[in-house]
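The block underneath contains the structure these notes are about, expressed in structure tokens.
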Amino acid sequence: MRQKTVYTVGAGLILAFGISFPSYAAAGWQWDGNEWRYVQSNNETVTDTWKRSGSHWFYLGGDGRMVRSQLVEYGDDYYYVNSTGARVANEWRKLPNPETGGDEPDNVWYYFQSNGKAYKAPDSGRTSFKTIVTASGEKKKYAFDSSGRMLFGWVDEDSQRVTGDDAWREGTYYCGDEDDGAMVQGMWKQLEALDDGNEDSFYNDEYWFYFNANGKKAAGTKKTINGYKYLFGEDGNAKYQWQSTPVATGSTATPSSASSYYKRPDQCWLAVGWFKTVPSEEIDVQAHEDEEEYWFYGLSGGGVVTSQLKTINGYTYGFNEGGMMLHGLYKMKVQDKKILSYEKIENESQLPSAGDTEKVYYFGDTPKEGVMKTGRCTVDLDGEKFMYSFRTSGSDRGAGVDGIYDGGIYEQGRLKTLDYGMRYGIIQYQGKDYLVNQSGKIQKNKKNVKDADGVYYSTDKDGVVTSVGDKK
């Protein structure tokens, strides 16, 4: 019989636990004064094989003596005999690791089946998981290498542990630490992942991973889990913050409009609805460098609302081509709610000139930040307050009113008024002189009203001046 390897674990011990042998028979078990042997009828001592006594199996080593507390390699399989020499079955054993150095632990776990054989990788070498009932009655899955050692940590598809800084990239399964080994499946796991390319301030040498029901990490895919949508990189880590989403062929979306935002590392799910964050460098370089936060509105299918006026929960908001919510006074070109161009108005010199095709819109702070204004409101421009009026209906709803409206004269939404201290004065509109008071209200059907300088005015039913002079 071909000799097999025996791994010594501990010194020999006397028989215990009620296991006994017939002694000093002409053939069979015999005590040599130090250990049991098995002698055949021809008086030859049996070596390198199993012999049974009662319900237990015992291994006789190369010297013919019974082996105790050792891992036994017999044929292509591994067994373990305890301190009484009996082969164990249906139990875990933690034994010294025959391989040392590097990332190898000092001790490793084996599981010996009902027939005494240790589970090991199949002949194909492909990773195969065995279901084992734990002491608590819970069923868990474990994988083993070709020598029967339980695998742990990151494991590839060839029954090998994956170690080193890139283990999280190369591994397919995760099986806990060296004293666990159970396959992680159908759940999230936050694991150490050294990534020199990640300079994000929220990165702390860890990523979240999701392991499918078959134990394989989700990688290079989008996945909905418990109602939330996630994006997994090619290495399996759940992506977070701004991520580029491929744009379908023929799409008119700009590169920034294809960006989706995933929550910070503790969440990682796709942001749907309102969220506030710093735009990516691709969206706005300056805002990104300044770490200035803006509001965005995430779409359920990914991406954000861009370049349009959008009504959300009854309120209308404006978004630029990068998805940043507009806030303040703007001159814009809008067609079918699509924002074709926009420029923020910071001072009076930026107001549209006569004949400009842009219209003025205002996104204020009430009733909510960024809501597009309609009707009358006060606008603070460069430290001064002005009265504006914006259309309340129609295709150009929200655009500044142009012309005579609600008793006043408006230009691109702004009410034309007199200089401070003037009681009455003339404002020209479409070649006609209209009389207005200090607040810009057109004075209709007036006769001989006097301004602060003693000048008298009379007007017709439309407020157009019919006479002016220093006497009535």
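Just so it is clear, the structure is predicted and the values come from calculations on it, not from any experiment.
Counted within 6.0 Å of NZ on Lys337, heavy atoms from surrounding residues, nucleotides or ligands total 12 or fewer; the atom is thus considered open. Within a 6.0 Å sphere centred on NZ of Lys447, heavy atoms belonging to other residues, nucleotides or ligands number 12 at most. More than 12 heavy atoms of other residues, nucleotides or ligands shown are found within 6.0 angstrom of NZ on Lys94. By the neighbour-count criterion of 12 heavy atoms within 6.0 Å, atom NZ of Lys141 is sparsely surrounded, having that number or fewer from other residues, nucleotides or ligands. The environment of Asn445 atom CG is dense: over 12 non-hydrogen atoms of other residues, nucleotides or ligands sit within 6.0 angstrom. Residue Asn347 qualifies as enclosed at atom CG: its count of foreign heavy atoms under 6.0 Å is above 12. Around the CG atom of Asp205, the shell of radius 6.0 Å holds more than 12 heavy atoms that belong to other residues, nucleotides or ligands. Asp266 CG: more than 12 foreign heavy atoms inside a 6.0 Å radius.
Proximity of Leu326 to Ile339: side-chain heavy atoms (C-beta onward) are separated by under 4.5 Å at one or more points. Within the 4.5 Å cutoff, no side-chain heavy atoms of Thr374 are placed close to those of Tyr362. Side-chain contact check for Lys373 versus Phe390: some heavy-atom pair is nearer than 4.5 Å. Residues Val305 and Leu299 meet the side-chain proximity criterion, which asks for heavy atoms closer than 4.5 Å. Under the 4.5 Å side-chain criterion, counting only non-hydrogen atoms from C-beta, Tyr424 is in contact with Gln443. Counting heavy atoms from C-beta on, the side chains of Val449 and Leu435 come closer than 4.5 Å. Looking at heavy atoms from C-beta onward, Arg93 lies out of side-chain contact with Trp109 at the 4.5 angstrom threshold. Using a 4.5 Å heavy-atom threshold, the side chains of Tyr230 and Cys268 count as touching.
Put simply, the side chain of Asp460 gets close to the backbone of Gly463: a donor and an acceptor are under 3.5 Å apart. At distances below 3.5 Å, not a single donor-acceptor pair connects side-chain atoms of Gln185 with backbone N or O atoms of Gly215. Side chain of Trp154 to backbone of Glu170: no donor-acceptor contact under 3.5 angstrom is found. Judged by distance alone, with hydrogens and angles left aside, the side-chain atoms of Gln160 form no donor-acceptor pair with the main-chain N or O of Asp156 at under 3.5 Å. Not a single donor-acceptor pair under 3.5 Å links the side chain of Ser458 to the backbone N or O of Thr466. Side-chain atoms of Asp180 come within 3.5 Å of backbone N or O of Ala182 as a donor-acceptor pair. Side-chain atoms of Asp290 do not come within 3.5 Å of backbone N or O of Ala287 as any donor-acceptor pair. Formation of a donor-acceptor pair under 3.5 Å by the Thr459 side chain with backbone atoms of Tyr434 is not found in this model. Asn97 contributes no side-chain N or O that, together with a main-chain N or O of Thr100, makes up a donor-acceptor pair within less than 3.5 Å.
Classification of the Phe319-Tyr297 ring pair by plane angle, with boundaries at 30° and 60°, yields tilted. Ring geometry, Tyr240 versus Tyr207: the interplanar angle falls from 30° to 60°, so the pair is classed tilted.
Under 3.5 Å, the side chains of Asp195 and Trp168 contain no donor-acceptor pair of N or O atoms. In the model, Tyr78 has no side-chain atom that pairs as donor or acceptor with a side-chain atom of Arg149 under 3.5 Å. Judged purely by distance below 3.5 Å, without hydrogens or angles, the side chains of Asn448 and Lys471 never pair a donor atom with an acceptor atom.
Centroid-to-centroid, the aromatic rings of Tyr261 and Phe275 come within less than 6.0 Å. Aromatic pair Tyr210/Trp269: ring centres not closer than 6.0 Å. Within the 6.0 Å centre-distance limit, the rings of Tyr173 and Phe129 are counted as a close aromatic pair.
To the nearest 0.5 Å, the span separating CD on Gln241 from OG1 on Thr277 amounts to 5.5 Å. Once rounded to the nearest 0.5 Å, the distance linking CG of Asp419 with CD of Gln438 reads 8.5 Å. Tyr111 contributes atom OH, which lies 15.5 Å from atom NZ of Lys117 (distance to the nearest 0.5 angstrom). One finds the CZ atom of Phe232 at 11.5 Å from the NZ atom of Lys217 (value rounded to the nearest 0.5 Å).
Taking the ring centre of Phe152 as origin, the terminal cationic atom of Arg161 falls inside the region bounded by 6.0 Å and 45° from the ring axis.
Here the closest heavy-atom approach between residue Gly303 and residue Ser260 is recorded as N-OG, 2.6 Å. Considering all non-hydrogen atoms of both residues, Pro279 and Phe296 come closest at CB-CZ, 3.9 Å. Here the closest non-hydrogen pair linking Ile427 and Thr417 is CD1-N, 4.1 Å. Residues Leu351 and Tyr388 share a closest heavy-atom pair of CD2-OH, 3.6 Å. For Leu71 against Tyr110, the heavy-atom pair with the smallest separation is CD2-OH, 3.4 Å. The two residues Pro105 and Val108 make their nearest non-hydrogen contact at CG-CG1, 3.8 Å.
Counting only residues at least two apart or on different chains, the side-chain hydrogen bond (donor to acceptor under 3.5 Å, both in side chains) pairs with a member in residues 390-402 are Thr316-Arg397, Lys359-Asp396, Arg391-Asp396.
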Go through the steps for Arg126 and Asp158 under the test salt bridge (charged side-chain N to carboxylate O under 4.0 Å, His left out), then give the verdict. CA-CA 4 Å; Arg126 303 295 287 172; Asp158 297 314; 2.9 Å; yes
Asn212 vs Lys223, side-chain contact (heavy atoms from CB on, under 4.5 Å): CA-CA, chis, key distance, verdict: CA-CA 10 Å; Asn212 297 308; Lys223 193 174 184 68; 3.0 Å; yes
Tell me, with the steps shown, if Lys189 and Glu206 meet salt bridge (charged side-chain N to carboxylate O under 4.0 Å, His left out). CA-CA 10 Å; Lys189 195 79 174 176; Glu206 289 182 324; over 6 Å; no
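With respect to the salt-bridge test (charged N to carboxylate O, under 4.0 angstrom), the residues Asp451 and Arg423 do not qualify. Ion pairing between a basic and an acidic side chain is recognised when a charged N comes within 4.0 Å of a carboxylate O; Lys120 and Asp145 show no such pairing. Using a 4.0 Å cut-off between charged nitrogen and carboxylate oxygen, Lys333 and Glu358 do not count as a salt-bridge pair. Using a 4.0 Å cut-off between charged side-chain N and carboxylate O, Lys239 and Glu234 make no salt bridge.
Here Asp365 pairs with nothing under the salt bridge (Lys or Arg N to Asp or Glu O under 4.0 Å) rule; sequence neighbours left out. Tyr142 meets the ring-ring contact (aromatic ring centres under 6.0 Å, His included) test with Trp92; sequence neighbours excluded.
Tyr317 pairs with exactly one of Tyr294, Trp274, Trp295 by the ring-ring contact (aromatic ring centres under 6.0 Å, His included) rule, that one being Trp274.
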